[in-house]
Peer 1: 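The structure under discussion is supplied below as structure tokens; questions concerning it will follow.
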2 protein chains.
Amino acid sequence: MDEVFKALADASRRSLLDRLHAKNGQSLNELCEGLEMTRQAVTKHLVILEEANLVTTIRHRREKLHYLNPVPIHQIGERWIRKFERGKLAALSELKRQLEKRDE
Amino acid sequence: MDEVFKALADASRRSLLDRLHAKNGQSLNELCEGLEMTRQAVTKHLVILEEANLVTTIRHRREKLHYLNPVPIHQIGERWIRKFERGKLAALSELKRQLEKRDE
DNA sequence: ATAATAGGCAACCAAATGGTTGCATGTCAA
DNA sequence: TTGACATGCAACCATTTGGTTGCCTATTAT
């Protein structure tokens with residue numbers, strides 16, 4: 001679990017997860033597009049995400065495709081949120097979402 | 001949100017959250033007990049947790065009492081987990097919990 | 001009044017981290 | 001086969017981070 005938190009600590013890695021959340025199964029070079037980092041930097045980040053089991057990869061031809069794995073993220077909440085609190089928190093964020101939506 | 005992830009990245013800080021989850025509203029010195037860190041190190045960690053809004057404090061006499069705030073933790077899951085995935089993941093971890101319980 | 005308790009501030013240090021450059025390897029297309 | 005494309009590996013560097021020590025302030029109890 002330690003690796004998961006370390007992996008999520010960096011903004012670049014979180015934005016890589018965002019990209020995969022938006023479009024799953026991207027190759028390294030695809031994930032590099034539009035970023036101001038070197039490909040090698042992105043590689044390093046992806047390795048860290050893989051080791052944390054937040055990203056799974058499969059090779060297809062010469063490409064390595066990356067997929068987001070939401071399981072470890074889901075487990076985070078289970079550590080510090082009691083069961084009876086979940087409902088209230090969910091209701092709270094739904095309310096927040098509605099209020100923000102109203103201002104669009 | 002960046003501060004939340006940074007704050008959660010460190011194992012010492014996570015164990016402080018664990019302690020508050022077990023017993024809410026502890027003072028600095030209470031939180032220091034049994035740890036192999038200096039009080040000043042713990043102070044630094046608590047400041048980081050406060051800035052991330054993961055811990056709220058109130059002063060009572062000369063003591064500063066610390067409380068766990070689960071809201072930012074709850075928000076993490078909302079970022080990368082689609083609504084339709086939540087049910088499955090919750091079922092999965094419940095299953096896992098049951099299986100682990102069986103081995104006790 | 002004074003000692004003990006609870007906490008705060010600042011300077012300093014070693015280790016970890018995020019990034020770069022340069023080169024190597026494997027695979028596909030013409 | 002040969003060049004282009006997709007990825008991998010390693011050395012190196014600046015900055016951040018977690019921790020320490022030393023000293024200071026505020027509040028409580030005797």
Side-chain angles (χ1 to χ4, degrees), chain A residues 1-20 23-69 72 76 80, chain B residues 1-20 23-69 72 76 80:
Chain A
M1 202 78 252
D2 190 280
E3 292 171 304
V4 175
F5 290 105
K6 292 268 182 191
L8 290 176
D10 183 78
S12 303
R13 287 193 288 270
R14 291 196 300 275
S15 89
L16 285 171
L17 292 182
D18 288 337
R19 283 175 161 237
L20 290 178
K23 184 187 174 190
N24 222 355
Q26 297 186 62
S27 73
L28 171 58
N29 276 302
E30 205 173 349
L31 283 168
C32 287
E33 278 169 27
L35 294 183
E36 303 143 13
M37 261 182 295
T38 342
R39 176 179 56 80
Q40 286 80 352
V42 176
T43 301
K44 281 193 179 183
H45 286 308
L46 288 173
V47 167
I48 290 171
L49 290 169
E50 283 178 61
E51 284 172 351
N53 198 27
L54 283 161
V55 163
T56 311
T57 62
I58 56 167
R59 293 206 75 108
H60 181 256
R61 309 265 178 177
R62 53 177 167 172
E63 291 184 337
K64 190 176 183 184
L65 303 181
H66 300 78
Y67 293 86
L68 174 59
N69 176 21
I76 293 175
W80 294 294
Chain B
M1 203 76 251
D2 189 281
E3 292 171 304
V4 174
F5 290 104
K6 293 267 182 190
L8 290 176
D10 183 78
S12 304
R13 286 193 288 271
R14 291 197 299 274
S15 88
L16 286 171
L17 293 182
D18 287 338
R19 284 174 159 238
L20 290 178
K23 182 186 174 192
N24 222 355
Q26 296 186 64
S27 72
L28 171 59
N29 275 299
E30 206 173 348
L31 284 168
C32 287
E33 278 168 26
L35 295 184
E36 304 142 13
M37 261 182 296
T38 342
R39 177 177 54 81
Q40 286 78 355
V42 177
T43 301
K44 281 193 180 183
H45 285 308
L46 288 172
V47 168
I48 291 171
L49 290 169
E50 282 177 61
E51 285 173 351
N53 198 29
L54 283 161
V55 163
T56 311
T57 63
I58 57 166
R59 293 204 76 108
H60 180 255
R61 309 262 179 179
R62 54 178 166 173
E63 291 184 333
K64 190 176 182 183
L65 304 180
H66 300 76
Y67 294 87
L68 173 60
N69 176 21
I76 293 175
W80 293 294

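Everything numeric here is computed off the predicted structure, so don't read it as measured data.
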Peer 1: Calculate the interatomic distance between B:R61 atom CZ and D:dA29 atom C1'; express it in whole Å.
Peer 2: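 In whole Å, D:dA29 C1' lies 12 Å from B:R61 CZ.
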
Peer 1: Is B:Q26 close to B:L65 at the side-chain level, that is, under 4.5 Å between some pair of heavy atoms?
Peer 2: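 No. Closest side-chain heavy atoms not under 4.5 Å.
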
Peer 1: For the pair made of CD in A:E63 and C1' in C:dG26, what is the distance, rounded to whole Å?
Peer 2: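 Answer to the nearest Å: 14 Å.
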
Peer 1: For the side chain of A:R62 and the base of C:dC28, is some donor closer than 3.5 Å to an acceptor across the two?
Peer 2: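 Result: no qualifying N/O pair found.
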
Peer 1: Round to the nearest Å and state the distance from B:R14 atom CZ to D:dG18 atom C1'.
Peer 2: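 For the pair B:R14 CZ and D:dG18 C1', the rounded distance is 14 Å.
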
Peer 1: Ignoring backbone atoms, establish whether B:R59 has a side-chain N or O less than 4.0 Å from OP1 or OP2 of C:dG8.
Peer 2: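 Yes, because at least one side-chain N or O of B:R59 sits under 4.0 Å from OP1 or OP2 of C:dG8.
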
Peer 1: What do the steps show when you test A:L8 against B:W80 for side-chain contact (heavy atoms from CB on, under 4.5 Å), and what is the final call?
Peer 2: CA-CA 12 Å; A:L8 290 176; B:W80 293 294; 3.8 Å; yes

Peer 1: Take the protein atom CG of B:L31 and the nucleotide atom P of C:dA6, then report the distance between them rounded to whole Å.
Peer 2: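 One finds 13 Å between P of C:dA6 and CG of B:L31, rounded.
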
Peer 1: Does the distance from a Lys or Arg side-chain N to an Asp or Glu carboxylate O, for B:K23 and B:E30, drop under 4.0 Å?
Peer 2: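 Counted as a salt bridge, because a side-chain N and a carboxylate O are separated by less than 4.0 Å.
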
Peer 1: C:dG7 P sits how many Å from B:E50 CD, rounded?
Peer 2: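 For the pair B:E50 CD and C:dG7 P, the rounded distance is 12 Å.
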
Peer 1: What I want to find out is whether A:D2 reaches B:R14 closely enough, with some N-O distance under 4.0 Å, to be called a salt bridge.
Peer 2: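 B:R14 and A:D2: salt-bridged.
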
Peer 1: Taking the side chain as everything from C-beta on, heavy atoms only, tell me whether A:L31 gets closer than 4.5 Å to A:L16.
Peer 2: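 When only atoms from C-beta onward are counted, A:L16 and A:L31 do touch, with a gap below 4.5 Å.
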
Peer 1: If you compare every side-chain N and O of B:N29 against the phosphate oxygens of C:dT5 (OP1, OP2), does one of them come in below 4.0 Å?
Peer 2: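 No.
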
Peer 1: Between C:dG7, C:dA4, D:dG8, which nucleotide has the shortest distance from any of its atoms to the side chain of A:T43?
Peer 2: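 Side chain of A:T43 sits closest to D:dG8.
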
Peer 1: What one-letter contact string describes nucleotides 13-20 of chain C from 5' to 3', where B marks a base within less than 4.0 Å of any protein heavy atom, S marks contact via sugar-phosphate atoms alone, and - marks no contact?
Peer 2: ----SSBB

Peer 1: What's the closest nucleotide to the B:K64 side chain, out of C:dA6, C:dG8, C:dC28?
Peer 2: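 Among C:dA6, C:dG8, C:dC28, the one nearest the side chain of B:K64 is C:dG8.
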
Peer 1: In whole angstrom, what separates B:L16's CG from D:dG18's P?
Peer 2: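 In whole Å, D:dG18 P and B:L16 CG are 12 Å from each other.
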
Peer 1: Using a strict cut-off of less than 4.0 Å between a Lys/Arg side-chain nitrogen and an Asp/Glu carboxylate oxygen, indicate whether B:K64 and B:E50 qualify as a salt bridge.
Peer 2: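 Salt bridge: yes.
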
Peer 1: Taking the side chain as everything from C-beta on, heavy atoms only, tell me whether A:H45 gets closer than 4.5 Å to A:M37.
Peer 2: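 In contact.
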
